[in-house]
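Remarks on the structure that follows.
Predicted, not measured: the structure shown is a model, and the values here were computed from it. Numbering starts at 1 and runs along the sequence shown.
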Amino acid sequence: MAGNYRTVQGDAWDAIAYRLWGKEHLMHYLMEANPAYMDVLSFPAGVELVVPDLPAAARTAKKAELPPWM
């Protein structure tokens, strides 16, 4: 599902990841693909983010391990 995502006012990394992939703990993939926005907690409307392809392990995992920041 590589592509782009245009934010809506108030979007946050975890909410975007949940909307795209159904799992908020995958947000680190979005953050790594969009380093210019790493310091943003709540997005304004209209920011174009790159949506990376997820690694196979992330797509098929039934229960996720802890995300890298924990």
Side-chain angles (χ1 to χ4, degrees):
M1 176 178 190
N4 295 318
Y5 175 82
R6 186 177 304 274
T7 62
V8 295
Q9 180 69 37
D11 265 347
W13 291 110
D14 58 343
I16 297 168
Y18 186 79
R19 190 172 298 123
L20 293 172
W21 300 310
K23 299 174 182 173
E24 63 276 348
H25 68 273
L26 298 177
M27 71 184 209
H28 65 280
Y29 292 109
L30 282 172
M31 295 175 83
E32 290 170 359
N34 298 279
Y37 300 105
M38 283 278 210
D39 62 342
V40 176
L41 298 176
S42 180
F43 285 94
V47 175
E48 193 79 20
L49 297 175
V50 174
V51 177
D53 280 327
L54 291 176
R59 288 191 309 266
T60 60
K62 292 187 183 213
K63 182 164 182 160
E65 296 177 23
L66 289 176
W69 64 88
M70 296 185 109

Please assess Leu49 against Asp11 for the test side chain to side chain contact (heavy atoms under 4.5 Å, CB included), listing each intermediate value before the final yes or no. CA-CA 11 Å; Leu49 297 175; Asp11 265 347; over 6 Å; no

Can you name the nearest heavy-atom pair linking Arg6 to Gly46, along with the distance? NH1-O, 3.4 Å

May I ask whether Tyr18 and Ile16 are part of the same hydrophobic cluster, defined by side-chain heavy atoms of I, L, V, M, F, W, Y residues being less than 4.5 angstrom apart, directly or through others? no

Side chain of Asn34, backbone of Val50: donor and acceptor closer than 3.5 Å? yes

Say whether, by atom type as modelled, one donor and one acceptor occur between the side chain of Trp21 and the main chain of Met27 under 3.5 angstrom. no

Rounded to the nearest 0.5 angstrom, the CE-CG distance for Met38 and Leu30 is 10.5 Å

Please report the shortest heavy-atom distance between His25 and His28, naming the atom on each side. O-ND1, 3.3 Å

Would the distance check show the side chain of Thr7 and the main-chain N or O of Pro44 forming a donor-acceptor pair, the cut-off being under 3.5 Å? yes

Tell me the closest heavy-atom pair linking Leu54 and Tyr29, and the distance in Å. CD2-CD1, 3.6 Å

Heavy-atom closest pair (Tyr37 atom, Trp13 atom, distance to 0.1 Å) is O-CZ2, 3.2 Å

For Glu48 and Asn4 the tightest heavy-atom approach is OE2-CB, 2.9 Å

